[in-house]
Amino acid sequence: MFRTLLDHSTDSVFVFDPETGTPLDVNDTACRKLGYSREELLDRSVIDFEEELAGRDDWRSFVDDLRADGRTTFDGVHRRRAGATFPVEVNATYVELDRGYVLSMARDVTERRRRERQLRESEQRHRTLAEYFPNGIVTLFDHDLEYTLAAGRGFDDIPVEPADLEGENFYDVWPAATADDLEPAVLGTLEGEERSVELSYAGREWILHAVPITDERGDVFAGMTMAQDITERKEYQRRLEETIDRLEESNERLEQFAYAASHDLQEPLRMVSSYLRLIERRYADAFDEDGEEFLAYAIDGADRMREMIDALLTYSRVETRGEPLAAVDLDAVIADVREDLRLPIAESDAEVTVDSLPRVRGDSSQLRQVFQNLLSNAIEYNGDEPPRVHVSAERESADAASAARGSGRWIVSISDEGLGIDPEDQERIFEVFERLHSREEYDGTGIGLALCQRIVERHDGEIRVDSAPGEGATFSVVLPAVDDA
C-alpha cells in the first residue's frame, strides 16, 4: 500500500545514499518526469539529473549541511534523459535509521513559474501604466490597508513620494483630515463597493475613484484608487459659471433694453405716422408732385422703422420667450405656412411642392417663423419667371457625431430656381440688417435670415445655403429628430 501511494504522488520522491548520491529508491513519478525506467535511474547518480550539483564535491557539501540542519528547501533544476530541463522545488531531509539516508521530494513548478512570470509581467505592465497615469495617482492596497503599489504623475504636485506609500499602512501616510475623507471609499472597496469622493489635499483639488479588485471567483482580495487632479478643471468650471452668470445678466439687460427701446421708440413713431397720415388726408391737395413724393417717403420710412423695431424685439426674445421644445410635425407646420402665404403664392403664380416631412424636436411657433421666412424669400427673390419651390427632407448620415447625439437629425431643404446668391455673400446674409438688394428692388427689414439662424441655433441645429448666381438657392435646415417610438 505504501509503495502504491508513493508511486501515485504528484511529486518525484528519491531516497539517496548520502555517501555516493546514488538513488536507493525512486517512485514512478520520478521515473516518468526524468524519462528513465526504475532500473536505469537506480544506476545513475544525483549529479546526472540535478543541475544545481555540478560534481560529487557539491553533493558531499550539500549532505554535510543537510546533516547539520536536518532539512532544507531549495529551488533546483532537473534534467530529463533527452536533455531538456524543468524547474523543481526540492524538500530534502536527512533521516538517520540503521544508517543515514537522504529523502528528497521534488515538485515540478513549471506551471507555477509560468504563472509567476505572467504575474510579474502583468504587474510590470500595470506599474508602467500607473507610473504614466496622467495628472493623477494610482494605488493598490490589500485587506490590511497596506499599499502594494503607488504611482502616477500626480506625485509631482504633492509632498509624498511613491516610496513613502508602498509597504506602509493607509493610516500612517495621510494626515488625519485626508484619511477621514478617504476612509469610507477605501474601506468600501474591500466590501466590494465602488466609491467616489472629492477632496482637497496639498493645495490641490482631487476626485478619487475607489474600486474593488476581485479574483476569478469574484472574491475581493485588494482595492485600487485612482485620484485625478481636477484643480484646473474646477477653476475652469468656476470661471465658466461666472461667465454664464454674466451672460445671463447681460442677456436679461439686453432684453430689458430691447423692450424699453422698442416701447419708447414705438410711441413717437406711432405719433409721427399718425400725423403724417393726418397731413396726407387734410392737406394732400396743397402739395405739389414733389411734396407728395416726400410725404410718401416719410410715411414709408416710419412704417419701415416700426417693422425693424418689431423684428429686433422678436430677435432678442428667441431664447427667453420661446416655448419648450417638443415633437413637431413639419407637415403640419408647412401646411400652415402655405396657408399664410396663400396670397403671394397666388399673385406670383408660384408652384410649391412638398415631400413627406418628418417629426422633429422643436418649438412649433418658432419653426413656423423659420419656414415662412425661407418660403417667402424663395417666392420673392425669383426674377421674372413664376417661382418654383420644392421642400424635401432627408436623414443626416449616421456618422459617429450624429450617433452620439442620440436619435440623429433631419435635413429639411427649401430649393428654388430664383436669382441665386454669390458664394462670397452666403455667410453675410445671416447677419442682422445685411441686405443683398436695395429696398427699391425688394422690400424687407434685413433681419429675417438672422432670425432664422438664431431660432435654428436654439434648436441645436444648423442652417446653411448652397447657391450660385442665376442658378437658384437651396436653404438647408438641420434639426434634431424625434425617435420613431
More than 12 heavy atoms from other groups under 6.0 Å of CZ on Phe221: yes

Expected output: side-chain Trp206 to main-chain Tyr201 donor-acceptor under 3.5 Å: yes

Side-chain touch Arg246/Thr243, heavy atoms, less than 4.5 angstrom: yes

Side chain proximity check, Lys33 to Val88, heavy atoms < 4.5 angstrom: no

Leu449 side chain reached by Leu374 side chain, heavy atoms, under 4.5 Å: yes

Sub-4.5 Å side-chain heavy-atom contact between Val160 and Ile137: no

Arg107 CZ: over 12 foreign heavy atoms closer than 6.0 Å: no

For Leu149 against Glu166, the heavy-atom pair lying closest together: CA-OE2, 3.7 Å

Main-chain N/O of Ala473 paired with Asp416 side-chain donor or acceptor, under 3.5 Å: yes

Under 3.5 Å donor-acceptor, His143 side chain and Val220 backbone: yes

Whether Ser476 side chain and Ser413 backbone form a donor-acceptor pair below 3.5 Å: no

Spatial distance of atom CG (Leu182) from atom OH (Tyr171) [nearest 0.5 Å]: 10.0 Å

Leu479 and Arg361, any side-chain heavy atoms less than 4.5 Å apart: no

CG on Asp156 to CD on Glu161, rounded to 0.5 Å: 8.0 Å

Sub-4.5 Å side-chain heavy-atom contact between Leu357 and Val391: yes

Reported CD1-to-OG distance for the pair Ile414 and Ser376, which is rounded to 0.5 angstrom: 12.0 Å

Heavy-atom check, side chain of Thr189 versus side chain of Ile213, under 4.5 Å: no

CD/Glu385: more than 12 non-hydrogen atoms of other groups inside 6.0 Å: no

Pairwise distance CD(Glu89) to CG(Asp108) - rounded to 0.5 angstrom: 11.0 Å

More than 12 heavy atoms from other groups under 6.0 Å of CZ on Arg233: no

Side chain to side chain, Asp355 and His390, heavy atoms closer than 4.5 Å: yes

Crowding at CZ, Arg238 (>12 non-hydrogen neighbours, <6.0 Å): yes

Rounded distance (nearest 0.5 Å) linking atom CG of Asn373 with atom CD of Gln453: 13.0 Å

Neighbour count >12 (heavy atoms, 6.0 Å) for atom CZ, Phe287: yes

Residues Glu242 and Arg239 bridged, charged N to O under 4.0 Å: no

From Ser274 atom OG to Ile299 atom CD1, the distance as rounded to the nearest 0.5 Å: 10.5 Å

Whether Asn135 side chain and Asp229 backbone form a donor-acceptor pair below 3.5 Å: yes

Check: Arg195 side chain, Pro184 main-chain N or O, donor-acceptor pair, under 3.5 Å: yes

Aromatic ring pairing His78/Phe86, orientation class (parallel under 30°, perpendicular over 60°, tilted between): perpendicular

Closest approach of Ile421 to Ser467 (non-hydrogen atoms, all atoms of both residues): N-OG, 2.7 Å

Residue Tyr275 excluded, over 12 heavy atoms near OH under 6.0 Å: no

